[in-house]
Amino acid sequence: MVHLTALVTFLTCMVLSETQHEPGYCSFYEECGRNPSVGVALIPPIVPCLDYSPARPLKGEHYKKLAKVCPILDRGENNTYACCSVKQLSSLETSLSLSKAVLVRCPSCAENFAHLHCINTCSPNQSQTIKVTKVMNITTAGKTREAVVGYQAFLTSKFANAAFDSCKNVRIPATGGFAIATMCGQYGAKLCNAQRWYDFQGDSSNGLAPLDIDFRLIKEGDTAGLPEGVIPYNGRALMCNETTPSGGGVCSCKDCQESCPNVSIPQPPAPFTLLGEDGYLVISIIMFVLLICSFLLFLVVSCLVRSLKRKDEETGKRKGKGKDQNSNDVTQQVIDPSEVTCADRNSLAAQAFLTSVFQEWGTLMAKYPLAVLLVSAVVVAALAAGLMSVELTTDPVELWSAPNSRAREEKDFHDKHFDPFFRTNQLILTAPGRKGHMYDSLLFGQQNFSGLVSKDLIIELLELQKRIQNIKFWSDDLNGTATLKDVCYAPLNPSNPSLTDCAVNSLPQYFQNSVENINAKVNMTELGVTKEVDWRDHLIYCLNSPLSFKDITDLGMSCMADYGGPVFSFLAVGGYNNDDYTNAEAFVLTFSLNNYPRTDIKFKVAMQWETEFLKIVQEYQRSPATNFTFAYMAERSLEDEINRTTAEDIPIFMISYAVIFVYIAVALGEYSSWKRILVDSKFLVGLGGILVVGCSVLASMGFYSWVGIPSSLVILQVVPFLVLAVGADNVFIFVLEHQRDVRRPRETREEQIGRVLGNVAPSMLLCSLSESVCFFLGALSTMPAVRSFALYAALAVLMDFILQMTAFVALLSLDARRQDKNRCELLCCVTVSTQRPNKPNEGFLLPFMRKYYAPFLLNGFTRIIVMLVFIVMFSGSLLLMFNVTVGLDQELAMPQGSYMLTYFEYLYKYFEVGVPVYFVTKKGFNFSTETGMNAVCSSVGCDQFSLTQKIQYATDNPHLSYIAIPANSWVDDFVDWLNPASSCCRLYTLGPNAGQFCPADKNAFLCGRKCMGIPTDGILRPSVDQFNRFLPDFLGNRPDLKCPKGGLGAYDTAVVIDDSGEIIASRFMAYHTPLTNSQEFTAALLKARELAHNITMGMRQIPGTSPDFEVFPYTVTYVFYEQYLTIVPEGLFNISLCLLPTFVVCCLLLGLDLRSGLLNLITIIMIVVDTVGVMTLWGIDYNAVALINLVTAVGISVEFVSHLTRSFALSTKPTHVERAKEATANMGSAVFAGVAMTNLPGILVLALAKAQLIQIFFFRLNLVITLLGMAHGLIFLPVLLSYFGPGVNKAVLLQLQQAKAKAAQELEMRNNMRQMYDNLSYEDNETKEEPDSNSTKGHADDRRPSQTMESRKEEQEVKIDRF
């Protein structure tokens, strides 16, 4: 038997080797039957019979069939010869139809593809271009014949390369990928070439080729190794930008680079330059030089002026003048009433009015403290009652995106018409440290497999996947057990999905989630070599050809997922280079859920499923048997982690407030004696100040809850802190002023408190009113979070001032009563015998600043150094401000140690593609007309600048456009689906459904009619009626091998049709490049909008298009990053609005003192600029949270600056320097104790917070604001005022002058009266002697007018000094 087999083989080889290659002869003819060497195939592998014979002339139906299938061989009915029968032509037509369904977008490519197969199968000179290499005996209908199961095809490299070049860029609209990727086996689109393309076509294991064809590409003129008589086929392959002989049009630019017009590549804007250098650097240098030169010029002029003044004084020209380095000794000047300006009079009147009003008010509040406290408590309680209906906004979309913003409106439009973007639950798994291996594949050669891509880990991943898929839990909303299928995204069966219909993207899906398929192996022979093929060969093929329904190995398995869709390589693996998928470093496992509106009961079910998902994943991570190192996330994770860290950091805020409270309680005490420490402490006063702040915040929140304005976590964290900083400052100023004051003779306690309040309340009003108006104007912001913060802060600051003027005054009155009675603070019944000293208590800080700090700071040399240093700081910060980073990376919202931080790290490291981006069309465009379709599609006959074509152009420069994969197009696939060359759109010709749509999987006998005929011009376009009739069928057609263009799953939710049949919305999905930070996300949004606007303008030119028609881009992240497109002008607008009232209120309350208001404004601007500069140095990005803090910075800066400015403006010291010293000592000490030292302890505690947002934007930024505010308020501002501050108010000097003149008159009158009284007493003594006692009494009475006069004079002078 063995000898017989060997003999048959030898004779066969002899016969094949003796085959002649002559023109006009065939090597095979007619069909012999099924190829026994091919196992499972997608189409029946019918092979031809070996038959060396002359070519047959064709007539009748035979000729018509050839002219239809292979028009390239048509020479006329009476002059056409061929080597194929009608049956062979039918089989060839079936085989070509499958390929044409993919390549039909480019007619020249489809024709070139069919060209060679027609030559090999039907050419009349067949024997000259092929050589039969393998035959087998096949028995059919009892008859045994020799069948050809393998041959060599010879063609020139020129033809092969030209044909390949015409096809290599043809796209598949549904995926955006290249069609060639599905026709080149393991090589994919990037590594495919002509030889590999033809090798795949000739491989019978691919499920499409009925026999093995060994394509030999021969260079022109190279005859070495060619069999005698063989002439390599050298026909002309069409270029993709050529029309076809059958009337096919030119391929579109998307499928053919040669068809692309010259498109100018938009270059990124050049950096801002001046004089060839960085423009911002030049501006900063110019600003620095101008400021320095201006200041030095001022110093020079001042020196000259002083020199002239000295000369004037020496020559006696200006006697009686002062000799200070800055100004005249104004107290020695004689002010004429005509010299007093209107502004001076207004300032004096304003101060007098405010002082008198607040003095009377304070006296009234101090007289009835209990009633005041009761009324205040009732008002606060009434307002705070609104907290019972408080609405806390936690949704990031509602928090940071305005309802009327463009991104929000676009999101609402998208979600309304297409449902929200599906919810993503994902794991990224790695196995570091595992050793990889090389695999010598029979089909693919040497392949490197990383340690991750191994069978045991794939099976472990599958087990984890199935465990998650089988999640079950009780749902109260569904009143039953809920599973994944209740909420999953099932693209191919959305109405009634099973678990296998749920879209789960993972690597095991290439094996249909079957362990049996993973373990499958089979021996396979290729080119005479037999080897075992297993999961690795199948995986290599599927990673490169994910759209294949059958691999090219003898395993014969599909690459499609069990839910029926493809799993693209970038969704299965990550961390690879140059499409080396088997060397990937990460597996990606993704579960997609439907994203229901928050009002839908299934939204809660989805949230519950994600909770269970997180439990299983976290349990799996803790298991010691786990072989993966991985990161994970659920759709709910971001919100969960933000809420968790907020709850965890609440104790930190409580500790911060407690530290501030302890400081206030300790710092407010007088501590004149250890015995009186419990009497003089201000623990309850400090507690009262804290309660006033708390009540003002509660009242503000309650009021807005009544009104219906929602609150947020930002408000809860920032507003109390802000109000505490403002409120503590006012409390310190008031209490310290009261402690430093001495009650005057015959002055009641209440009157003293009223007088003290009259002195300091105008300054408190100045700051509080500036801040409140500032925040109210900040509410004009379009950002909901900034707007609500500004409203809450404005009312809280206003309420804090009102409560300080009422409740706190009453509380201080009660405390003063207690202190006067020497009662202990916490033990009111216990008294102390040690009396309170009569002298005022200045504490430690005031004497220190008066004796040491102020003289040192305002020394002539120190002042110059301070000005130069702060000018340098301002100029440098200005440069840094121009370079501040705008954005907020989402990982900063997570607490330290959060699992989401690990996920973001893995995402940026391993993911190879960005988020999907949809280009959405609104109502107003007619897709059903030919011009409408041409303006959208990107296949043959489409406009060169159509919607999808413009997106294609953008992908040519992904580094500029941020678009990596072009958009899929339902219009293109719909037209391809209608193409009569495919089997997709047919009509029933028999049965009850005659005339209706017939799916491709139905028997051809029932569906013998195509939906459309072959177009005469080769460009297929349905009529309006056909478009409207067949579009629903296309959208509901499930894709399969016979019709891969079916729209179900890919497009059924991408087109929205109203009841009238009009398309009111549609979308085209592309992919962004991987985006890793907020700057890239923002740039991608901007570029996508520019592209969408360009598309809109082009489509509006189509006749019949509505003028308000629009195309806009949408992805789930745009709504968060849109703010960064406008946050810089938005911030400038908000901060400018905040700065305006600081200037206006300061001017008004100081009686139109423009210079004081201007210096106040300049200092605050410098604080803000320097703050932004330090933000750049410390890596603090500028975003909405930073903007809130910068608005807060303006408010806190007012506290540092305005008190000192007012104190300087109202001082009557003779020189600028002395006035600056007085203001620095008196008010600077209170500001330092009340603002700086109140904020700093609480801020430092925030460094312990877990949330990175709190650490960066509350600890770092508030620390910067406080330190810079303190530096500018206590160092720079006194120096600035000493140089440029306003002069002494002449109205005050005139009043002082008049008061002294009046005092002199009274003194003279008193002396005259005393002289007269003495004379009368002498005469009386001469006539009448009085007792000693009467004499003594007379002397006592004699002294009484003098004492009274002195007392009045003292009171008047003290009042003027206080003013």
Side-chain angles (χ1 to χ4, degrees), residues 390-401 420-428 468 471 473-477 482 484 486-489 589-622 630-653 710-717 785 888-908 915 1078 1116-1117 1119-1120 1184-1185 1249-1258:
V390 66
E391 180 183 349
L392 196 64
T393 301
T394 58
D395 185 358
V397 176
E398 298 287 341
L399 203 56
W400 302 111
S401 180
F421 195 82
F422 52 78
R423 303 176 67 88
T424 300
N425 301 270
Q426 194 170 72
L427 294 92
I428 305 175
I468 296 173
I471 287 176
F473 58 92
W474 177 263
S475 170
D476 293 333
D477 298 285
L484 177 62
D486 294 310
V487 291
C488 74
Y489 172 65
L589 174 58
T590 307
F591 295 84
S592 300
L593 308 185
N594 290 319
N595 201 351
Y596 304 96
R598 288 179 176 259
T599 55
D600 194 315
I601 60 170
K602 283 204 170 183
F603 174 79
K604 294 183 180 179
V605 179
M607 295 283 280
Q608 281 184 274
W609 189 92
E610 289 171 0
T611 301
E612 298 299 321
F613 164 81
L614 291 173
K615 287 180 182 178
I616 288 178
V617 171
Q618 290 165 355
E619 180 184 342
Y620 177 73
Q621 191 175 46
R622 291 191 297 267
F630 63 93
Y632 59 92
M633 64 85 69
E635 186 73 20
R636 64 176 299 160
S637 294
L638 272 173
E639 194 169 332
D640 285 351
E641 287 296 279
I642 291 173
N643 293 338
R644 178 178 68 84
T645 185
T646 301
E648 290 179 354
D649 284 333
I650 285 178
I652 299 296
F653 277 91
S711 181
S712 67
L713 295 174
V714 174
I715 292 173
L716 295 178
Q717 293 169 342
L888 175 63
D889 294 334
Q890 52 188 343
E891 54 264 34
L892 291 181
M894 300 295 101
Q896 291 181 342
S898 170
Y899 66 86
M900 286 299 293
L901 294 178
T902 308
Y903 173 77
F904 289 133
E905 178 187 349
Y906 277 46
L907 180 69
Y908 300 150
V915 293
S1078 57
V1116 68
T1117 59
V1119 72
F1120 302 110
V1185 182
K1250 292 183 178 180
Q1252 296 184 87
L1253 273 181
I1254 294 176
Q1255 287 188 356
I1256 294 174
F1257 296 102
F1258 295 99

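Just the heavy atoms: all of them, side chains too, but no hydrogens, waters or symmetry mates, feed the values below. One-based numbering along the sequence shown.
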Partners meeting side-chain contact (heavy atoms from CB on, under 4.5 Å) with [X] (sequence neighbours left out):
X       : result
Gln1255 : Gln896
Ile1256 : Leu892, Ile1180, Arg1260
Asn595  : Pro420, Arg423
Thr1117 : Phe1081, Thr1115, Tyr1121

Atom pair [atom1]/[atom2] of [X] and [Y] - distance to nearest 0.5 Å:
X      : Y      : atom1 : atom2 : result
Ser637 : Asn425 : OG    : CG    : 7.5 Å
Ile471 : Leu484 : CD1   : CG    : 7.5 Å
Asp486 : Gln608 : CG    : CD    : 11.0 Å
Leu907 : Met633 : CG    : CE    : 8.5 Å
Thr424 : Phe422 : OG1   : CZ    : 5.5 Å
Ser475 : Lys602 : OG    : NZ    : 10.0 Å

With sequence neighbours excluded, residues passing side-chain hydrogen bond (donor to acceptor under 3.5 Å, both in side chains) with [X]:
X       : value
Ser1078 : Asp889
Tyr903  : Gln426
Asp476  : Trp474
Glu905  : none

Less than 4.5 Å apart, any side-chain heavy atom of [X] and any of [Y]?
X      : Y      : result
Ile468 : Val617 : yes
Asn594 : Cys488 : no
Tyr489 : Phe591 : no
Phe603 : Ile601 : no
Val915 : Phe421 : no
Tyr906 : Thr902 : yes
Glu610 : Leu593 : yes
Phe613 : Leu427 : yes

Phe1120 versus Val1116, closest heavy-atom pair with distance | CE1-O, 3.7 Å

Considering non-hydrogen atoms only, spot the tightest contact between Val487 and Ala606 and give its length.
-> CG1-N, 3.9 Å

Hits for ring-ring contact (aromatic ring centres under 6.0 Å, His included) against Phe473, two or more places apart or cross-chain, chain-then-number order -> none

Under 3.5 Å, side chain of Lys604 to main-chain N/O of Asp477, donor-acceptor pair present?
-> no

Measure the acute angle between the ring planes of Tyr632 and Tyr899, then classify it against the limits of 30° and 60° as parallel, tilted or perpendicular.
-> parallel

Tyr620-Phe630 aromatic ring centre distance below 6.0 Å = yes

Just grab all the salt bridge (Lys or Arg N to Asp or Glu O under 4.0 Å) pairs involving residues 613-622, residues at least two apart or on different chains.
-> Arg467-Glu619, Glu612-Lys615

What residues, two or more places apart in sequence or in another chain, satisfy salt bridge (charged side-chain N to carboxylate O under 4.0 Å, His left out) together with Glu641?
-> Arg644

Taken in chain and number order and not counting sequence neighbours, the residues that satisfy salt bridge (charged side-chain N to carboxylate O under 4.0 Å, His left out) with Asp640 are Arg636

